[in-house]
Amino acid sequence: MTTGIRTVIYPVTDLAHAKALFGALLGAEPVVDAPYYAQFDADGQAIGLDPHGHRHGQSGPVAYWHVDDVATSLAALVQAGAETVQDPTDVGGGLLVALARDGDGNLIGLRQAG
């Protein structure tokens with residue numbers, strides 16, 4: 001089951017520059033600010049900046065569907081014809097993420113709260 005898309009992550013090459021840009025757009029400071037990731041809260045919508053996002057072939061923002069079970073959701077996508085790009089991975093605090101790619105090359109993010 002999904003509760004919808006509530007996280008969008010942008011791959012960035014210059015995290016400091018991207019934080020300044022999104023800070024100006026949102027009129028706020030990041031709620032998460034680490035060397036490996038920054039995140040803004042835009043009225044309940046998480047906007048993430050990943051300086052390592054290009055490693056999975058990200059050329060633009062990826063929407064992350066919030067799901068109850070990342071492994072089950074990823075398996076359902078693969079069964080429907082998607083390919084796994086990133087297996088379920090704990091990115092800290094029990095938060096699991098995974099990436100799939102559909103037949104058109106679009107990345108589909110999955111996120112399971114820890």
Side-chain angles (χ1 to χ4, degrees):
M1 178 166 166
T2 180
T3 57
I5 297 171
R6 298 191 331 221
T7 303
V8 177
I9 299 180
Y10 290 80
V12 300
T13 54
D14 184 335
L15 186 58
H17 183 261
K19 285 190 301 187
L21 185 132
F22 278 88
L25 174 65
L26 299 170
E29 295 294 318
V31 294
V32 175
D33 193 356
Y36 57 87
Y37 181 76
Q39 181 173 303
F40 292 84
D41 179 17
D43 198 24
Q45 176 74 48
I47 304 298
L49 307 173
D50 183 356
H52 306 289
H54 296 96
R55 71 180 174 261
H56 294 297
Q58 287 176 258
S59 60
V62 174
Y64 279 77
W65 292 87
H66 290 223
V67 298
D68 293 334
D69 186 318
V70 164
T72 298
S73 296
L74 182 59
L77 288 172
V78 169
Q79 174 101 21
E83 69 174 287
T84 300
V85 175
Q86 177 186 3
D87 287 316
T89 304
D90 187 326
V91 294
L95 174 65
L96 297 176
V97 298
L99 282 172
R101 180 176 288 115
D102 71 11
D104 291 306
N106 299 303
L107 291 174
I108 302 167
L110 301 170
R111 179 190 184 279
Q112 175 186 330

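Throughout, residue positions are numbered sequentially from 1 according to the sequence presented.
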Margin query: Run the side-chain contact (heavy atoms from CB on, under 4.5 Å) test on Leu110 and Leu77 for me, step by step, so that the C-alpha distance in whole Å, both residues' side-chain angles and the decisive distance to 0.1 Å come before the verdict.
Written below: CA-CA 10 Å; Leu110 301 170; Leu77 288 172; 4.0 Å; yes
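Note that OG1 of Thr7 is 12.0 Å distant from CH2 of Trp65, once rounded to the nearest 0.5 Å. A distance of 11.0 Å separates CG of Leu49 from OG1 of Thr13, quoted to the nearest 0.5 Å. The line from CG of Asp14 to CG of Leu21 is 10.5 Å long, rounded to the nearest 0.5 Å. Note that CG of Leu74 and CG of Leu99 are 9.0 Å apart. Values are rounded to the nearest 0.5 Å.
Within 6.0 Å of atom CD in Glu83, more than 12 heavy atoms from other residues, nucleotides or ligands are found, so the atom counts as buried in its surroundings.
Val91 and Leu96 fall into different hydrophobic clusters, where Ile, Leu, Val, Met, Phe, Trp and Tyr are joined by side-chain heavy atoms under 4.5 Å apart, directly or via other members. Residue Leu25 is grouped with residue Leu15 when hydrophobic side chains (ILVMFWY) are merged at heavy-atom distances under 4.5 angstrom, including chains of intermediate members. Residues Val85 and Val8 fall into different hydrophobic clusters, defined by Ile, Leu, Val, Met, Phe, Trp and Tyr side chains chained together at heavy-atom separations under 4.5 Å. If you chain together hydrophobic residues whose side chains sit under 4.5 Å apart, Val67 and Val97 never meet in one group. Connection of Tyr64 to Leu95 is established within a shared hydrophobic cluster, with ILVMFWY side chains joined at heavy-atom distances below 4.5 Å, either directly or through further cluster members.
Sorted by first and then second residue, the ring-ring contact (aromatic ring centres under 6.0 Å, His included) pairs with a member in residues 4-47 read Tyr10-Phe22; sequence neighbours excluded. Every pair tested for side chain to side chain donor-acceptor pair (under 3.5 Å) that includes a residue from residues 43-54 fails, sequence neighbours excluded, so the list is empty. Legend: side chain to side chain donor-acceptor pair (under 3.5 Å) pairs involving residues 97-114, not counting sequence neighbours, sorted by first then second residue: His66-Arg111, Asp102-Asn106.
Looking at Thr84, its side chain never comes within 3.5 Å of a backbone N or O of Gln86 through a donor-acceptor pair.
Counting all heavy atoms, side chain and backbone alike, Val12 lies closest to Ala18 at CG1-CB, 3.6 Å. Closest heavy-atom contact between Ala71 and Pro88: CA-CG, 4.1 Å. Here the closest non-hydrogen pair linking Ser59 and Pro11 is C-CG, 4.4 Å.
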